[in-house]
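Notes to accompany the following structure.
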Amino acid sequence: MAILIKKPNAIKASEITPEPVYLDRRRFMQQSLATGFLLAADAMLPAWAKRWPELSKSVFNTGDEVNSFEDITHYNNFYEFGTGKKDPQKNAGSFNPRPWSIAVEGECDKPGVFNLEDFIKPYALEERIYRLRCVEGWSMVIPWVGFSLADMLKTFAPNSKAKYVEFTTLLDKSRMPGQKRRVLRWPYVEGLRIDEAMNPLPIMAVGLYGDTLPNQNGAPIRLVVPWKYGFKSIKSIVKIRFTETQPRTTWNLSAPKEYGFYSNVNPIVDHPRWSQKKERVIGLPFWAPKRDTELYNGYGEQVAHLYQGMDLRKNF
Ligand code: MTE
């Protein structure tokens, strides 16, 4: 990745204008022009186009081309709605992520149970354009809407025993039909070491492309940890727990030789079944050359210090 972090003024307009909003706005402007209502056009934009009016632009953006809204919402891993890439889009449509509450527990001084709106209210929402690298060997670039995980965790005053943070997805077979099959141990659980979680890069995402999070991408709130394989970025979170011991995570429990706790993107540590040297960029034609995978997914400058002195082959 040539440019890791861009200055806000270096972000292209095409990167920060939500694709569906942009297309809709252009269509609307054309129609308005034709009918002579141009002055009223902006005021008459549909309400959803202004869902996050206060969005600030982050300095943490890759310089890469973003994937289309179509790619991001039709090629998903969300086993709670099926194991195929198109299943989440097909099966999550009727999932209603409201009302939603989040419990914060464990080694902290200010635990509690919060409804989603109260939970996210204190934090400044930003657009963060991150590459998501899946352990299966593909990647895409997503314009998330979210807020700093570190800022959020500090609100709950973790104590000196808080060495890790554990995240849990909703468990509800009636709303997440994929949980009727025992393909994984439900609910889905993920975790980070506390210093990883306190790094400025991870976010709690509540939207993408300027709008709220589509169900298939983990509505209403999910984690995004850009230097780790995609499975660490757990979706539809209902519980956050500070722990003294390393959390037992879903993929590690399901296949410990294949999925470690750390799961940092690393081209020289192969998955037993797949090389990690290259990655297929979703959205490019099938004959396009694959991209070289970068250590820590290109975010080494921000995170390499977290793993100094650690054997990355053992701690995969
Ligand atoms: N979270 C839950 N609860 N269930 C899942 O199956 N899949 C993970 C991760 N988070 C998953 C999950 C995997 S393997 C990947 S690659 C990313 O979500 C995919 O995120 P996306 O569909 O928004 O691109």
Side-chain angles (χ1 to χ4, degrees), residues 66-92 95 97 100 102 128-146 149 166-173 175-192 202-209 211-240 247 249-255 258-260 263-265 271 273-274 276 279-283 293 297:
V66 288
N67 276 86
S68 69
F69 185 77
E70 174 81 10
D71 287 342
I72 295 167
T73 55
H74 288 69
Y75 194 89
N76 301 100
N77 277 334
F78 198 174
Y79 279 19
E80 285 83 343
F81 293 100
T83 53
K85 293 285 176 281
K86 291 193 183 308
D87 289 346
Q89 187 271 327
K90 274 192 261 162
N91 301 332
F95 177 70
W100 194 268
I102 299 176
R128 295 233 193 154
I129 300 171
Y130 282 154
R131 176 174 297 279
L132 181 131
R133 169 59 159 86
C134 182
V135 70
E136 295 161 338
W138 51 266
S139 70
M140 57 173 112
V141 178
I142 302 176
W144 300 109
V145 176
L149 173 68
E166 179 191 88
F167 303 85
T168 306
T169 294
L170 175 72
L171 176 65
D172 186 342
K173 279 184 202 168
R175 294 163 75 196
M176 294 183 149
Q179 291 178 339
K180 290 179 189 152
R181 293 178 57 206
R182 294 198 191 163
V183 285
L184 290 174
R185 285 193 213 189
W186 309 113
Y188 196 104
V189 173
E190 256 311 332
L192 296 173
I203 53 166
M204 296 293 285
V206 292
L208 57 83
Y209 258 122
D211 204 343
T212 47
L213 211 50
N215 289 343
Q216 60 267 43
N217 294 93
I221 186 161
R222 69 173 292 171
L223 184 66
V224 179
V225 190
W227 71 93
K228 293 179 179 280
Y229 291 118
F231 67 87
K232 299 293 285 183
S233 294
I234 180 173
K235 298 176 169 181
S236 304
I237 295 169
V238 292
K239 191 162 73 180
I240 298 170
T249 56
T250 297
W251 281 102
N252 184 242
L253 284 170
S254 117
E258 301 191 11
Y259 309 101
S263 295
N264 293 320
V265 175
H271 180 277
R273 288 181 284 137
W274 307 297
Q276 297 293 14
E279 64 204 41
R280 188 166 66 87
V281 177
I282 300 297
T293 295
N297 206 18

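These figures come from a predicted structure and were not determined experimentally. Remember, it's 1-based here, ligands and their atoms both numbered in the order they're listed.
- Of all heavy-atom pairs between K173 and Q179, the closest is N-OE1, 3.5 Å.
- Within the 4.0 Å heavy-atom criterion, neither part of E190 lies near ligand 1.
- In this structure, G218 has no heavy atom closer than 4.0 Å to ligand 1.
- The protein non-hydrogen atom at the shortest distance from atom 23 (O) of ligand 1 is R222 NH1, 2.6 Å.
- For the residues F78, Y188, W251, the heavy atom positioned nearest atom 12 (C) of ligand 1 is part of Y188.
- Within ligand 1, the atoms closer than 4.0 Å to a non-hydrogen atom of C134 are 16 (S), numbered from 1 in the order shown.
- A salt bridge links K85 with E136; the closest basic N to acidic carboxylate O contact falls under 4.0 Å.
- Every residue meeting the side-chain hydrogen bond (donor to acceptor under 3.5 Å, both in side chains) condition with R273, not counting sequence neighbours, appears here in chain and number order: E258.
- No option in I72, I142, N67 other than I142 meets the side-chain contact (heavy atoms from CB on, under 4.5 Å) test with L132.
- Among all protein heavy atoms, the one lying closest to atom 21 (P) of ligand 1 is K235 NZ, 3.4 Å.
- Here is the list of ligand 1 atoms found below 4.0 Å of a heavy atom in T169: 3 (N).
- For ligand 1, one of its N or O atoms has an N or O atom of S233 under 3.5 Å away.
- Here the side chains of V206 and T212 are not in contact, with every heavy-atom distance at 4.5 Å or above.
- Which parts of ligand 1 touch N217 is read off a 4.0 Å heavy-atom cut-off, strictly below it: atoms 21 (P), 23 (O).
- Ring-plane geometry between F78 and F81 is classed as perpendicular, the angle between the planes exceeding 60 degrees on a 0 to 90 degree scale with a lower cut at 30.
- At a heavy-atom distance under 4.0 Å, only side-chain atoms of E80, from C-beta outward, approach ligand 1.
- Here W138 and Y75 bring their ring centres to under 6.0 angstrom of each other.
- For the residues W186, Y75, Y79, the heavy atom positioned nearest atom 6 (O) of ligand 1 is part of Y79.
- Short contacts between ligand 1 and I234, defined as distances under 4.0 Å to a heavy atom of the residue, involve ligand atoms 1 (N), 10 (N).
- The distance from atom CG of L253 to atom OH of Y259, rounded to the nearest 0.5 Å, is 13.0 Å.
- Distance from atom 17 (C) of ligand 1 to its nearest protein heavy atom, with residue and atom name: G230 O, 3.5 Å.
- Between L223 and E190 the shortest side-chain heavy-atom distance does not fall below 4.5 Å.
- Proximity of N77 to ligand 1, defined as any heavy-atom pair under 4.0 Å, is shared by backbone and side chain alike.
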